[in-house]
Novice: 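Quick one: the structure is below, questions incoming.
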Amino acid sequence: MLELDQHPSGRHFLQIPGPSPVPDRILRAMSLPTIDHRGPEFGELGLKVLGGIRKIFQTQHPVIIYPASGTGAWEAALSNTLSPGDSVLMFETGHFATLWKQMALRLGLEPEFLSLPASQSWRHGVQPQLIEARLQEDREHRIKAVCVVHNETSTGVTSDISAVRRAIDAADHPALLLVDTISGLASADYRHDEWGVDVSVSGSQKGLMLPPGISFNALSPKAIEASQRSTMPRGFWAWDEILTANANGYWPYTPNTNLLYGLGEALDMLLGEGLEQVFARHERWGEGVRRAVNAWGLEIQCQEPALYSPVLTGVVTPEGIDADEVRRTIYDRFDLSLGTGLGKAKGRMFRIGHLGDCNDLTLIATLGGCEAGLKLCGVELFGSGMQAALDFFADNPAPGTPAARKLAADDPTGQPQADAARA
Ligand SMILES: *Cc1c(COP(=O)(O)O)cnc(C)c1O
């Protein structure tokens, strides 16, 4: 432990893929006095955040807000829609998909876990054709839900959720589609209604730029119907009482008032900027960071360029180099936190978060810390990743800035390079 009087100067660089750095504006909003959660002022706040969050999920349907971490919202999605002994089809994209499957087991469900062979495992997205083939076989419709992770935070690989919906429809199967977008929402494009998702699960401390402590279930009419038939025991998580109270902006219990102030502020910021620009901003940061990793000559965990996460990048360390040693060195020397390798990836990779209250230069500093730390740990780098990212950022001004508008006016057909690289 650091002595208090040895607290490092300047800001800590919190470049893990959640919790993400919280903007000062949000911290200030959260410092307002806690109010009566049954009073008139509270109902206004409740209605504001319950309405605004629908726009973030891109849904017309209700979104439940729990005073809980994302794990709670996972449990809520399963326990409201399913019954003990139900089969659920899940896909092993990485550590978080694995944890969700373990929770399904604890709840008395029967998860079936589809995986790729070990050599490809954790480096690709959900394979919709495998889901479709498995559902085709399930003539008796024993499988009640398909559960997948949209942005696998342990690997930096996204999945094509609309393709999973098409797979379910192609098999003409009634299973519900439950999606974890805990780390994808509000950074990566996500469309609850258009993609035909029945329950979307999310949390506060990733793309929404809030501290940990609230989480979400976005619902579909079919999910609400399923909740009226499902027999899994549930109390705190039960949607029905919450939906009734939410109609007037209240909760059946004491909600997390100060985090809801923060959520109100986050909604103003994100919707004010416009979701398209929010997504473009993260795509561009992801491209800059990947250019750095390529310039170092290191490997990116994600093997499918179309599925690169705009939220984080998993960097594989060379054989014989312990990624956690690299992380420790960078933390000790430069006051910079990076994500650890989780589960099967422990020691083999570290993760750079590029979400939350970042900008080009905080990412350049982050990449500088990585570069120096890798060298200190004896990794021979091909070239300077920091310089490669800086060149990319300089050549491609941030979306919404005067420089980007000028560039667009000069060349109206010009595609930002980040898009071109992904296409
Ligand atoms: C962070 C995360 C979780 C877990 O959320 P908690 O808030 O830590 O409970 C689950 N799934 C994914 C994809 C995540 O990124």
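Both ligands and their constituent atoms are indexed starting at 1 by order of listing.
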Novice: Identify whether the distance between the nearest side-chain nitrogen and carboxylate oxygen of Glu287 and Arg291 falls below 4.0 Å.
Specialist: yes

Novice: Counting non-hydrogen protein atoms only, what is the nearest one to atom 6 (P) of ligand 1? Give residue, atom name and distance.
Specialist: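 Here the nearest protein heavy atom works out to Gly70 N, 3.5 Å.
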
Novice: What is the closest protein heavy atom to atom 2 (C) of ligand 1, and at what distance does it sit?
Specialist: Lys206 NZ, 2.6 Å

Novice: Give the atom numbers and elements of ligand 1 that come within less than 4.0 Å of a heavy atom of Trp74.
Specialist: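 Every atom of ligand 1 under 4.0 Å from some heavy atom of Trp74: 10 (C), 11 (N).
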
Novice: Under a 4.0 angstrom heavy-atom cut-off, which atoms of ligand 1 come close to Ser69?
Specialist: 6 (P), 7 (O), 9 (O)

Novice: Closest non-hydrogen protein atom to atom 11 (N) of ligand 1, residue and atom name please, with distance?
Specialist: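 The protein heavy atom lying closest is Asp180 OD2, 2.7 Å.
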
Novice: In terms of heavy-atom contacts, does CZ of Arg38 have more than 12 from other residues, nucleotides or ligands at under 6.0 Å?
Specialist: yes

Novice: Mark yes or no: Lys206 above the aromatic ring of Tyr190, with NZ or CZ under 6.0 Å from the six-membered ring centre and no more than 45 degrees from the axis.
Specialist: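 Lys206 over Tyr190 ring: no.
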
Novice: Find all atoms of ligand 1 within a distance of less than 4.0 Å from any non-hydrogen atom belonging to Gln205, and give their numbers and elements.
Specialist: 6 (P), 7 (O), 8 (O)

Novice: Which residue owns the protein heavy atom closest to atom 15 (O) of ligand 1, what's the atom, and how far is it?
Specialist: Thr153 OG1, 2.4 Å

Novice: Side chain, backbone, both or neither: which applies to Leu99 and ligand 1 if a contact is any heavy-atom pair less than 4.0 Å apart?
Specialist: neither

Novice: Do other residues, nucleotides or ligands put more than 12 heavy atoms under 6.0 Å from the CD atom of Gln120?
Specialist: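 Yes, because the 6.0 Å sphere around CD of Gln120 holds more than 12 heavy atoms from other groups.
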
Novice: CD of Glu276: more than 12 outside heavy atoms within 6.0 angstrom?
Specialist: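 Atom CD in Glu276 is not packed in, count stays at 12 or less.
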
Novice: Could you tell me, atom by atom, which parts of ligand 1 come under 4.0 Å of a heavy atom of Asn151?
Specialist: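 This gives 13 (C) as the contact atoms.
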
